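Below: the structure, in structure tokens.
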Amino acid sequence: MVQLELIDECLMKYLHYLLYPLLLVGALRAERAQPNILFILTDDMGWGDLGCYGSTQIKTPNIDRLASGGVRFTQAYVSANVCAPSRAGILTGRYQERFGFEHNLSIQDHLKPEMVGIPVDEKLISDRLKQLGYRTGAIGKWHVGESVPAFHPLQRGFDFFFGMLGGDHDYFPSKEHNELSWGNEKVKQIRTPYLTDWFTMEAIDFMERESEGVDPWFLYLAYNTPHSPMQAKKSDLEAYAHIESPERRVYCAMQKCLDDNVGKILGYLEDKGQLESTLIIFLNDNGGSVEVSHALNAPFNGTKGTWYEGGIRVPMIWHWPKVLSAGLRYTEPVIVFDIMHSLVAAAGGEVTEEKVQVGGREVVRPKDGVNLVPILLGDAKLEDRSLYWRMSLRGGAIRKGDWKLIMAPHRPPMLFNLANDPSELTNVSMRRPALVKALYREYHDWCEGFERNPMWISSPQWAGYNDALYDRTYELKQPEE
């Protein structure tokens, strides 16, 4: 009997020694209360192509569920009107113009390949969360640098990567014809026929793997849906067979597939009991592409590539039931840099001004965003601030309060009051010359603070293409249901 008691005592001591580190880490994580973070980014989606943002044509019950259970932003802005610079702003939490990333990527004869991407001295959101103890993954579209190994996601703070490094991809990849990578290796086997479905499978696998550990996870899930090429599954096309326009029909079908996949992810998190505590952000990278994908930005004028609201105002939803109230509609202007500050704060950190060496000189990198969580909780107020946009040779814009000034090349300035004219139909610049002058001066003062000049400029043909977009007439109303 004494021998058995001694064995039990030794066994208990051994188990305590074995399990104590795990229990301690679990307790520390609970004390930090760091949420798992899922950041879903879509590509070229129209403002008016989600049910929760007014679509009468496209049914998106799963994304609508995110909105009804969280916060829907009505004046959320990205920092560029095309893909790559917008993503550079999202991932760094800074105006990408500050570090010379103003255009879609282009390696020109005079430029060293190591210059074409987000500079390696810029911290990405993945870097910051990794420092706070997160396991990090990137799935989908990268498009912020691939010319040298240092730009690869696995070198930019991500522990896992699956997707394409470039800006677009066929939705029906094959073993012989694909540009997909699993980590640093080229994909040689096709897991499922349609790319949007595949990204979701990998996302669920990542969350499943990381949920087994003690560290919180951060997943950047960057769907290329509904960016071109316009390709949809037959089953999704059948759901919108009643739409006469074949181009619009494909777009709607791609939106249906995206929503179905968001539903699969929500279902997984719900089954695991993680939906209430996971911080989910849903965002689109720039305005809908009206001329290519037949997106709809109604009620806003413009399209991807313009400085109209249809080019830079995007759907954004935050879902975090454990902290944020359900069904909240936030109506003040916000910008994507606020995401970086909010996620880092939610993880227990803080983004501060930083002194760095750029080109042999010391510069102070200002904070371009704010932590929105206390503002959404009613514990703080969003201070007044101006928002800015620029792309060399393609003009820019500034928003201050309800006033917005657009400076498109070879055109007179356009001034709009967004409170009275959200569709930007009435240019009042001739009536308010003093305001135009003041906004123009403030805009150029902002430009004077950049650390780098533009590192590259995309093909000149795009300048003419984008200029013509201002002469188009855009649909400002939803179609009949």
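Positions are given from 1, in the same order as the sequence printed here. The structure presented is a predicted model; accordingly, all values stated were derived computationally and were not measured.
The aromatic ring centroids of Phe161 and His152 lie less than 6.0 Å from each other. You'll find the ring centres of Trp307 and Tyr470 outside the 6.0 Å limit.
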> Would Asp402 and Arg399 count as a salt bridge (Lys or Arg N to Asp or Glu O under 4.0 Å) if you check the C-alpha gap in whole Å, the side-chain angles of each, and the deciding distance to 0.1 Å?
Replying inline: CA-CA 7 Å; Asp402 291 327; Arg399 173 168 179 174; 3.7 Å; yes
> Are Arg87 and Gln96 close enough, and set up right, to give a side chain to side chain donor-acceptor pair (under 3.5 Å), and what steps lead you there?
Replying inline: CA-CA 9 Å; Arg87 290 159 192 268; Gln96 67 281 353; over 6 Å; no
>> Could you go through Thr92 and Phe99, starting from their C-alpha distance and side-chain angles, then the distance that decides it, and tell me whether this counts as side chain to side chain contact (heavy atoms under 4.5 Å, CB included)?
In response: CA-CA 10 Å; Thr92 61; Phe99 48 87; 3.7 Å; yes
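Between the side chains of Gln75 and Thr331, no donor-acceptor pair is found at a separation under 3.5 Å. Side-chain atoms of Glu291 and Tyr465 include a donor-acceptor pair closer than 3.5 Å. A donor-acceptor contact closer than 3.5 angstrom links the side chains of Trp198 and Glu202. Between the side chains of Ser386 and Glu442, at least one donor N or O lies within less than 3.5 Å of an accepting N or O.
Distance check: Tyr53 OH to Ile317 CD1 gives 5.0 Å after rounding to the nearest 0.5 Å. Put simply, NE2 on His341 and NZ on Lys367 are 6.0 Å apart, with the number rounded to the nearest 0.5 Å.
Partners of Arg72 according to the side chain to side chain donor-acceptor pair (under 3.5 Å) rule, which considers only residues two or more places apart in sequence or in another chain, do not exist here.
Of the charged side-chain nitrogens involved, at least one lies within less than 4.0 Å of a carboxylate oxygen, so that Arg98 and Asp368 count as a salt-bridged pair. Of the charged side-chain nitrogens involved, none lies within less than 4.0 Å of a carboxylate oxygen, so that Asp285 and Lys304 do not count as a salt-bridged pair. A salt bridge links Asp471 and Arg411; the closest N-O separation between the charged side-chain nitrogens and carboxylate oxygens is under 4.0 Å. Salt bridge present: Glu122 and Arg365 bring a charged side-chain N and a carboxylate O closer than 4.0 Å. The pair Arg452-Asp121 meets the salt-bridge criterion, since a charged nitrogen lies less than 4.0 angstrom from a carboxylate oxygen. A salt bridge links Lys130 with Asp159; the closest basic N to acidic carboxylate O contact falls under 4.0 Å.
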Donor-acceptor pairs are to be reported for all side-chain atoms of residues 108-118 against protein atoms at under 3.5 Å, with residues two or more places apart or in another chain.
unit_1	atom_1	unit_2	atom_2	d
Gln108	NE2	Ser106	OG	3.3
Gln108	NE2	Ile457	O	2.2

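Paired with Asn286 under the rule side chain to side chain donor-acceptor pair (under 3.5 Å), one option of Asp44, Asp43, Asn81 passes, and it is Asp44.
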